[in-house]
Amino acid sequence: RSRGRAAVFRVNTIEDDMDMRVLRVVMRHQHRLPVIHPERLQAILSGRDHLVAAWFLLLRPGQAVSIDGLFKLPSRGGHTGGLLQLPLMHRRPGHHLQRPVGAVVGGAKVSPKLDMLQNLVGKLDVLIIGGGMANTFLAAQGAQLGASLQEAALHDTARDILAAAEAAGCRIVLPSDGRVAREFAAGAAHEIAALGPDTVLADDQMVLDAGDSAAADIADTIAGLATLIWNGPLGAFEIPPFDSATVTAARAAAAATNSGTLITVAGGGDTVAALNQAGVADDFTYISTAGGAFLEWMEGKTLPGVAALMQ
């Protein structure tokens with residue numbers, strides 16, 4: 001069924017001997033979201049007492065399952081499948097988690113993740129910042145990072161986040177060194193440079209990844225946690241050798257998960273691709289494939305579908 005240009009999807013209903021009706025939504029285009037109108041959902045669920053929701057994705061605002069429809073169930077009952085169990089168990093990142101709890105937040109820019117960072121610093125014991133985001137924080141502290149990607153307009157905001165973290169007792173981990181190159185290309189010539197408030201790089205130099213010492217420090221920090229939330233890579237992981245820090249940290253997290261000492265929750269943006277590249281996606285406790293919904297959960301926002309199920 002097609003609804004304009006917004007989505008193309010198929011809905012099937014199956015009724016078996018247990019009088020169970022199954023709604024299946026198949027998304028044909030990754031970035032085009034399916035919509036089921038309340039009347040359609042009410043008809044599908046007519047006479048049923050419970051809704052079983054298997055996807056985190058479906059519970060985000062504006063997504064496939066209408067929230068109005070959930071409240072029209074006679075019992076307003078809900079059960080969740082495995083893909084929802086861990087996010088619903090903890091409701092909000094940082095609450096009711098085994099401590100110490102930390103997060104890896106990486107990616108190119110701070111601006112899309114301001115709400116997330118501001119929410120997390122009040123709830124975490126440790127916040128590891130990587131990627132281009134780390135450049136903005138380092139530059140806000142005085143580092144001169146040449147041609148590195150960073151957001152000068154957000155230096156004051158970065159300083160505010162650092163101050164909020166200190167007040168809340170959340171330790172911020174920024175890379176102590178970086179992999180620096182003069183071109184953004186696979187196999188580019190590079191060097192390891194110390195990073196800090198006094199760093200001065202040449203005008204044509206770029207920090208494209210955390211360095212070896214920083215990666216080792218991050219791996220050690222992860223090993224000391226009981227719960228880790230991960231969103232975003234620590235460098236330009238798509239182009240070796242600037243995937244090194246992401247791979248090192250991801251493998252450390254996977255090893256701790258497999259040993260039973262760490263719960264790992266990941267999702268959003270390029271996170272899944274980065275963990276797959278590191279060969280550890282299957283070793284994490286939980287990986288969300290619903291990027292936008294996962295980010296909103298990390299921002300501390302209420303997902304209407306989750307709120308409905310909680311009732």
Side-chain angles (χ1 to χ4, degrees), residues 56 80-107 113 116-117 119-131 133-134 165 168-176 209-210 212-235 237 243-291 293-295 297-300:
F56 199 20
T80 62
L83 294 179
L84 275 167
Q85 183 177 4
L86 195 138
L88 293 190
M89 183 188 306
H90 302 307
R91 313 275 183 97
R92 291 285 189 276
H95 287 290
H96 310 296
L97 297 177
Q98 295 182 34
R99 290 190 177 271
V101 57
V104 171
V105 179
K113 300 184 179 182
M116 180 197 306
L117 293 171
N119 178 56
L120 290 178
V121 294
K123 298 177 172 64
L124 302 177
D125 300 301
V126 180
L127 175 58
I128 300 164
I129 300 177
M133 294 177 60
C170 173
R171 181 166 68 94
I172 299 287
V173 177
L174 293 171
S176 57
D209 192 19
D212 295 337
S213 293
D217 290 343
I218 291 169
D220 288 343
T221 299
I222 288 172
L225 299 174
T227 305
L228 176 68
I229 303 167
W230 188 311
N231 172 257
L234 298 174
F237 76 97
D243 59 344
S244 179
T246 300
V247 169
T248 297
R251 290 179 178 171
T257 305
N258 288 330
S259 71
T261 62
L262 181 66
I263 295 171
T264 41
V265 184
D270 294 324
T271 309
V272 178
L275 296 181
N276 278 321
Q277 184 164 319
V280 299
D282 291 340
D283 297 314
F284 272 51
T285 308
Y286 172 85
I287 292 184
S288 170
T289 56
F294 186 82
L295 292 179
W297 175 73
M298 290 185 73
E299 290 167 1

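Heavy-atom basis, side chains included; hydrogens, waters and symmetry copies ignored.
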Check your understanding: With sequence neighbours excluded, what pairs up with Asn276 under the side-chain hydrogen bond (donor to acceptor under 3.5 Å, both in side chains) test?
Key -> none
Point to revise | Spacing of Ile128 atom CD1 and Thr221 atom OG1 [to the nearest 0.5 Å] | key: 5.5 Å
Study note, to complete from the structure: Closest non-hydrogen contact found for Leu275 with Ala250 is CD2-CB, 3.7 Å
Practice item. Give a yes or no answer on whether the side chain of Gln277 reaches the backbone of Phe237 with a donor-acceptor pair at less than 3.5 Å. Key: yes
Study note, to complete from the structure: Contacts of Ala134 meeting side chain to side chain contact (heavy atoms under 4.5 Å, CB included) (sequence neighbours excluded), chain-then-number -> Ile129, Leu174, Pro175
Practice item. State which residues pass side chain to side chain contact (heavy atoms under 4.5 Å, CB included) with Ala252; sequence neighbours excluded, sorted by chain then number. Key: Ala219
**Study point:** For Leu262 against Leu228, the heavy-atom pair lying closest together
**Key:** CD1-N, 3.8 Å
Review point. Who are the side chain to side chain contact (heavy atoms under 4.5 Å, CB included) partners of Ala216, not counting sequence neighbours?
Key: none
Review point. Between the side chain of Thr227 and the main-chain N/O of Arg99, is any donor-acceptor distance below 3.5 Å?
Key: no
Review point. Donor-acceptor pair, Asp270 side chain versus Gly232 backbone, under 3.5 Å?
Key: no
Point to revise | Thr248: partners by side-chain hydrogen bond (donor to acceptor under 3.5 Å, both in side chains), with sequence neighbours left out | key: none
Revision key, fill the gap. Residue set satisfying side chain to side chain contact (heavy atoms under 4.5 Å, CB included) with Ala103, at least two apart, ordered chain then number -> Val105, Leu120, Leu124, Leu127, Ile229
Check your understanding: Do you know which two heavy atoms are closest between Ala245 and Leu234, and how far apart they sit?
Key -> O-CD1, 3.7 Å
Check your understanding: Can you name the nearest heavy-atom pair linking Ser244 to Asp212, along with the distance?
Key -> OG-OD1, 4.4 Å
Check your understanding: side-chain contact (heavy atoms from CB on, under 4.5 Å) between Asp283 and Thr257: does it pass, once the steps are laid out?
Key -> CA-CA 7 Å; Asp283 297 314; Thr257 305; 5.5 Å; no
Review point. Who are the salt bridge (Lys or Arg N to Asp or Glu O under 4.0 Å) partners of Asp217, not counting sequence neighbours?
Key: none
Practice item. Look at the side chain of Arg251 and the backbone N and O of Val280, then say whether any donor-acceptor pair between them is shorter than 3.5 Å. Key: no
Study note, to complete from the structure: Looking only at heavy atoms, the pair that brings Ile287 and Val272 closest together is CG2-CG2, 3.6 Å
Point to revise | Residues, nucleotides or ligands: over 12 heavy atoms within 6.0 Å of Asp282 CG | key: no
Exercise for review: For the pair Met133 and Leu117, evaluate side-chain contact (heavy atoms from CB on, under 4.5 Å) and give the outcome as yes or no after the intermediate values.
Suggested key: CA-CA 11 Å; Met133 294 177 60; Leu117 293 171; 3.7 Å; yes
Exercise for review: Identify, with sequence neighbours excluded, every residue that meets side-chain hydrogen bond (donor to acceptor under 3.5 Å, both in side chains) alongside Thr261.
Suggested key: Ser259
Exercise for review: Keeping the roles fixed (side chain from Thr285, backbone from Val265), state whether a donor-acceptor pair exists under 3.5 Å.
Suggested key: no
Point to revise | Any side-chain heavy-atom pair of Phe284 and Thr271 under 4.5 Å | key: no
Point to revise | Distance-minimising heavy-atom pair for Asn231 and Lys113 | key: OD1-NZ, 2.7 Å
